[in-house]
Amino acid sequence: MARVYQVPRHAFPWLISGALLASLPHMLRAELWLSVVVPLLLLWRIMIQRGRFAMPGKLVRGMLLLGLAGATLYSHGTLLGPDAGVTLLVAAFALKMLEMFRLRDAYVVIILAFFVLATAFLFSTGPLITIYIGLVLVLMVAALIGINHPESGVSPWRHFRLSLTMLGQAIPLMLVFFMLVPRLPPLWSLKVEQQQGKTGMSDSMAPGEISRLSRQNDLAFRVEFEGDVPPPSLRYWRGLTYGWFDGRRWSQAVPPALDRQEYVRFANGVSPQWYLQLLADRGDAAWKYRVVMERSGRQWLYAMSVPFSDKADVGLARDLRLVRRTDLEATYDYRVTSYLMPVAVEGLKDWERQFYVALPSGSSPRAAAMAQQWRDESVSDAAYANRLLRWLNEEQFYYTLEPPLLGQHTVDDFLFRTRRGFCEHYASSFAFLLRAAGIPARIVAGYQGGQLNPLGNHLQVRQYDAHVWVEAWLPEQGWVEFDPTAAVAPARIELGLEQALAGFDEQTDTGLAAVLRSNPLLTRLSHLIDYIEFGWAKWVLGYNQQNQLEFLSRWLGKVTPERMVMTLAAVGGSLMTVMLIWMLWRARRPGLKWWQREYRAMLRLMRKRGLNPPAHLPPAQVIAAAAQRYPRAAAALQDWQHCFEAAVYRPPAADPELLRRQLVVLRRKVARMSRL
Amino acid sequence: MTTAIGRAITAVSGVVLGKEEQIRLAVACLLARGHLLIEDLPGMGKTTLAHALARVFSLEYRRVQFTSDMLPADILGVSIFDPDSREFQLRPGPVFTQLLLADEINRATPKTQGALLEAMEERQVTLDGVSRPLPEPFYVIATQNPVTQAGTFPLPESQLDRFLMRISLGYPSAETEIALLSGSDRRQQALTMKPQLSTAELMQMMLLVEKIHASADLIDYVQRLLGYSRDGGLFVAGLSPRAGLGLLRAARAWALLAGRDYVTPEDVQVVLGPVTSHRLQGSAGGTTAASIQQLLEAVPVVRRS
């Protein structure tokens, strides 16, 4: 007779709850219909299990599958790619529960659950989600134990406990693998779309865009300094420069006819002339720090000028910014050494000068005329720039997050009409005025400031720290940074956006958020959370190939594949040897039965309490003596003795597992009651 | 059933004063289908005990006083030629009874002793090539005098092994003795006792003894006791497997007396002395009882490693 491989009933609680919890991160993140459909399908399965409904037929299942695929197609416009794929996977996973007839279907469900759990890491890699996934993993392993446990009428909690033990035992091995298994760069990269609005810096800038960014408080990156933290007024994190202006929008552009080799210098590439010059000019390092950047989906890295990084895949661009070879699809950390030094004092190349003074013809004529007149009146380029800053400071300019819209001649409109703007307005106008006077200038985009977390003594730079400023080339001085926003709202630089806006009667947060932020306890809490997240980013997420090499080279000297394999074998081998010795040691003392161990534990407890019953006394007499000594524990002791006798000497009748648990509970009770 | 046994024990205690422990042991020995050796001075109430036991369990009772000129036939019986029927007819000896009190067994010659001990073991008597089963139950209480050894034939170890237990009654305590002296004749009392159990009921109890549960841990404990008696260096020779079987059977009977259907280590410890003392000989001087106490203390009740 063919055996019917049924799914044991006791495995169901873990199967269903595990499936629900594995899908939960996706349900919270993805489309609304998913978070309705998945619980409904699981509820359906529970009803089937309880005998209310029958298993759906092939037709119903097929139609459901088509419906879910259609819904995915409708939401994402495709069935391919990570986002749509995960949505479809989660939906199909819930659907799979409806065709779980046999044991082998349950295996498929569990393996699918592991896969669904793993996909959660595509979207979030924080410490909390990791702990959550670990917990759901315990449930799924409990389900796996359950379906392999034919005995019926067993409490599912036993499987849960076993699962917890097994996974707990696996942790040391996991750590060894995490530390030592060679890290490979991903063979392919899954581009997961960032959530709507979570954009960060862009490769171009029009009026109003930075101010929009400033309303977000997502983390951009964290910085950990070796030594002192620079004061806020020096914390200019440059990420990219905009050299091309079309009258409204500033864009990142590389002059045509310039090859990339000449423009960006990577460690293993050729070093162009300008780079060698920088190396020759640099003096003592001003700041040394480590930046841990959140995933941005871009290749720009942020650092203070003039940055040098020793990472192989980080290059220095001619406009003094760091770029990575590939886009950041995961948390990335890099060390930077910044030097305070003049750049390009000898002069600019012809093409460079032309590129950085180019303006669209006929744009903002009034401002252009003013620029030429003032330049003629000034003795030098520097004097002209200072006059502009002074003018911005003295005239009635407002710093605001809600600037009015600008007309066709954006600079004219802003400088002479609205006079209400955010940093991009000031930077854009200032660069325009410089260029109009024939001074090479470009806009630098990045972040300014950052909040110091006293716990880790690191800076957190968030999207609302986004900032743009201007760099101009002056004779004898080279590239010099100007911040026109500082001329209008000095508080922005010294104290941050919030304080700066407060000076202009504006606030970033309203109502509750502002109250919450001013609560010192919550501030401390948020610092703590940030500290933990930073540690996670540094030590876990940031433990990539390069960091692994650095870490291992502390012990191994030169890290070669052979040495890594040998280390792995040595550490793994010694771990297994320890386990083997332990197992042999246990086997050497052939089978103390659980009740014998329990009795030993009881005797140990009595010795701790100062009783030393001789081994030859029968348990009943030992317990009687203890009961006399500790009358408060007498009842518990007698119950224990009763259970012990039932377990050891009586004809086997009751559930031994039940007795075992009762004995443990009673022994703990005795321990409590006999405490003086 | 156990209450009937309890009543019987109480009844016997009313006659043999202050010896409840020994009475219980004697009853346990009976229930375990063993034979009892009482080693005591004369006049300690051995006969009264045997008598009383026979009465309360409604057993047929005989008493044989062993002497040095006794022959096996005096115990087992003889075939006599009947001139009328011109055939030999068997005259069964005193052994054909349910409770036999073999007084001063060590006074008889080894030959006579051997005949009785063989009957005890085999529970049958072979006369003139015909085997005749002894009645059921068959319970021998033998006594011997430990002090006066002149003109006796001490039982060899192999023969002693046939007795399940050896007990001694000992002198009564002062109060008991006063009660004893002020009461009427004990022997007369014993004769007038009412039976508490029928033979059939007693047989049923004996069957029950075999069903008493001895758990694996308990058997393990018994085995460790046996093993230590052999390897512990306390005794000249260790306990035999038969002694082990006897110990377990006696412990089962003791558990039944306590009203339990399973054996606990206490049961084993209580019967250990009576079951083993006559089979062991201490190697280091001192009394055998002290060596047995050492054995008891050396073996942990619950395995620790």
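Sequence lines set the chain letters: A, B, ... in the order given, protein chains first and strands last, and positions in each chain run from 1.
- For a residue to count as touching a neighbouring chain, one of its non-hydrogen atoms must lie under 4.5 Å from one of that chain's; by this rule A:Glu645 touches chain B with the side chain only.
- The minimum heavy-atom distance linking B:Ser215 with A:Val648 is given by the pair OG-O, 2.8 Å.
- Within 6.0 Å of CD on A:Gln628 lie no more than 12 heavy atoms contributed by other residues, nucleotides or ligands.
- Heavy-atom contacts from other residues, nucleotides or ligands closer than 6.0 Å to CE of B:Met203 number more than 12.
- Within 6.0 Å of atom OH in B:Tyr171, 12 or fewer heavy atoms from other residues, nucleotides or ligands are found, so the atom counts as exposed in its surroundings.
- Contact annotation for B:Gln269: only side-chain heavy atoms (C-beta onward) come within less than 4.5 Å of a heavy atom of chain A.
- Only the side chain of A:Leu603 comes within contact range of chain B, with at least one heavy atom under 4.5 Å from a heavy atom of that chain.
- The local environment of CZ in B:Arg123 is crowded, with over 12 non-hydrogen atoms from other residues, nucleotides or ligands closer than 6.0 Å.
- Closest non-hydrogen pair, A:Tyr599 versus B:Val302, comes out as CD2-CB, 3.4 Å.
- For the pair B:Val263 and A:Tyr649, the tightest heavy-atom approach, listed with the atom from each and the gap, is O-CB, 3.7 Å.
- One distance of note links CD of B:Gln293 with NE2 of A:His616; it measures 6.0 Å at 0.5 Å rounding.
- With a 6.0 Å radius and a threshold of 12 heavy atoms from other residues, nucleotides or ligands, B:Glu121 has its CD atom above the threshold.
- Counting only distance, with no hydrogens or angles, the side chain of A:Gln596 and the backbone of B:Asp217 share no donor-acceptor pair below 3.5 Å.
- To the nearest 0.5 angstrom, A:Arg650 atom CZ is 10.5 Å from B:Thr264 atom OG1.
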